[in-house]
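One structure is given here, and the rest of the page talks about it.
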There are 2 protein chains.
Amino acid sequence: MTETIVTNKDIYQELKRRVLKGKYNIKMRLPTEEELIDEFNASRYSIRKAIKQLSDEGLVYSVKGKGVVVLEQTPQTNELNLSLDQVDSLQVLNSTHDFDRITLIAGFQQIIVDEALSHKTSFAVGIPVYAIKRVRRINNKNAVLDINYFNAQLVPDITPEIAKGSIYSYIKKTLGMKIAILKRQLRFERAGQIDYEHLNLGIDNCVGNMVSFAFNDDGRQFEYTESHFIPDNFIFNQILKF
Amino acid sequence: MTETIVTNKDIYQELKRRVLKGKYNIKMRLPTEEELIDEFNASRYSIRKAIKQLSDEGLVYSVKGKGVVVLEQTPQTNELNLSLDQVDSLQVLNSTHDFDRITLIAGFQQIIVDEALSHKTSFAVGIPVYAIKRVRRINNKNAVLDINYFNAQLVPDITPEIAKGSIYSYIKKTLGMKIAILKRQLRFERAGQIDYEHLNLGIDNCVGNMVSFAFNDDGRQFEYTESHFIPDNFIFNQILKF
DNA sequence: GAGTGGTCTAGACCACGGT
DNA sequence: CCGTGGTCTAGACCACTCC
């Protein structure tokens, strides 16, 4: 067989290409696992893994006894809005999108966690944390207010200079810490004093609030962050399978 | 061995119980896959599947070469807020939570998709859809405004009576249609005329907007829905793994 | 180097869909 | 009934962590 060399990693990419180009289009199904095993000369495990990736992205859906159906396409909604999807935290987003943006330090101090802060952040009472406020100025608007708390024992020696850049880059590259998991809550709330101070809310009186708890690969929570953002600029995507 | 009978399904449940009860606590790791294979008398596949479930819930995190670490617990935030997580659509939520709630029909008609509606809903121009507006009154407040569009070819014969109850129940039980996947966008926006008309916004001038595209197991989009909700009452949870 | 989870293969049986 | 994807087993090798 004059088969092009296909690593197992590429199976997913090739299948995705075919779906997007309409080679497998709506009302059709993907070839059966059996057929794909033959075509790519791979094991069932590898084929199923590739299909699962497509499924996680919402491109296809597997039905037992039936096959893998291609879903109708929904329009990409990346128009002029920022899109925060799966892998992006706000810090990552800053480096991957080429928006005109500036980070302003609005507060920087080291404090000890008291009862109230512990309840909010779920850090233990008494530990030292860096409390940092930063304003993200995007396209000439103060669009996001980040309020970070970093466990100073796990993330030591943060400086305003580091905060002005990427703290995550500092954590990963300089400290060599591995970020494992991020638990997020998305709410939206009445704007508070601090929001009116730092954000260009205009007549709006509510903010989005993305609360993040970040854990390293030892299972320790090293960060609590609230990101307050102004209306009409952000979209969060999610895919639910049944 | 006087081993209690453990089906493969229960491995996950048992491991979860141990993590939550602190039998495997922070700073410890889970037993190795090898050990769990022996204990549960199951294959590696089954053990790994169970651990993956725990990992997807944010309870543990697997590190290559190291083991499976237990994550510090974060507080449950189900206080007085509704929590819309993975499996819940608004309709499901209504039946699973015992809030004092009423559904009011604010609009019900069958229309033909025009250019503008097509752009918004991604339904094809010219097809008939049911356009339904419903107000969810929760704890004596008009908290959610649902604006549904159902493809009338795929979801025929909806009546106001059905809309007053659960359309999803009608789709699943009466029509026998399988709901496959739901793509969601979460935004928050300046409140519009329609929101002031139907929601108890008070002085708030913004709404959360959860946009949903639902697909059946033939890959066809049968629904487009916008759920507008008032501030300070809803939380969305998400877990991101790196 | 020893031990861990990540990837991959080969093969079996089950559960569901459609004919 | 046949064909499909879902689950499960057994075994191999690789990549990473840590001593």
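Residue numbering restarts at 1 for every chain, and letters A, B, ... go by the order of the sequence lines. Worth knowing before you read on, the calculation uses all heavy atoms, side chains too, and leaves out hydrogens, waters and symmetry mates.
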How many whole angstroms separate atom [atom1] of [X] from atom [atom2] of [N]?
X        : N     : atom1 : atom2 : value
A:Asp217 : C:dG6 : CG    : P     : 12 Å
B:Gln53  : D:dT7 : CD    : P     : 10 Å
A:Arg29  : D:dG5 : CZ    : C1'   : 12 Å
B:Asp10  : D:dC8 : CG    : C1'   : 16 Å
A:Tyr45  : D:dT9 : OH    : P     : 16 Å
B:Asp38  : D:dT9 : CG    : C1'   : 15 Å
B:Lys52  : C:dG6 : NZ    : P     : 11 Å
A:Lys49  : C:dT9 : NZ    : C1'   : 13 Å

Side-chain N,O (B:Ser46) to OP1/OP2 (D:dT9) below 4.0 Å:
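Result: yes.
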What pairs with A:Phe123 under ring-ring contact (aromatic ring centres under 6.0 Å, His included), at least two apart in sequence or on another chain?
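So A:Phe123 forms no ring-ring contact (aromatic ring centres under 6.0 Å, His included) with any residue.
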If the condition is ring-ring contact (aromatic ring centres under 6.0 Å, His included), which residues does A:Tyr61 pass it with, not counting sequence neighbours?
none
Looking at B:Glu161 and B:Lys164, is any side-chain nitrogen of the basic one under 4.0 Å from a carboxylate oxygen of the acidic one?
no
Which nucleotide in C:dG6, D:dC8, D:dG5 has an atom nearest any side-chain atom of B:Arg48:
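Among C:dG6, D:dC8, D:dG5, the one nearest the side chain of B:Arg48 is C:dG6.
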Residues forming a side chain to side chain contact (heavy atoms under 4.5 Å, CB included) with A:Lys66, sequence neighbours excluded
A:Arg29, A:Val63, B:Asp217, B:Asp218
Which residues pass the side chain to side chain contact (heavy atoms under 4.5 Å, CB included) test with B:Gln110, not counting sequence neighbours?
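With sequence neighbours excluded, B:Gln110 shows a side chain to side chain contact (heavy atoms under 4.5 Å, CB included) to B:Pro128, B:Tyr130, B:Ala152, given in chain and number order.
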Which residues satisfy the salt bridge (Lys or Arg N to Asp or Glu O under 4.0 Å) test with B:Lys16, sequence neighbours excluded?
B:Glu57
Do you know the tightest heavy-atom contact between A:Val155 and A:Tyr170?
CG1-CE2, 4.3 Å
Between the protein and nucleotides 11-16 of chain D, which nitrogen or oxygen pairs come in under 3.5 angstrom?
from	atom 1	to	atom 2	distance (Å)
D:dA12	N6	B:Arg44	NH1	3.0

Quick check on DNA chain C: between A:Ile47 and A:Val63, whose nearest nucleotide comes earlier from the 5' end?
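With A:Ile47 and A:Val63 compared, the 5'-side residue is A:Ile47.
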Residue whose nearest DNA chain D nucleotide is more 5′ - B:Ala42 or A:Glu34
A:Glu34
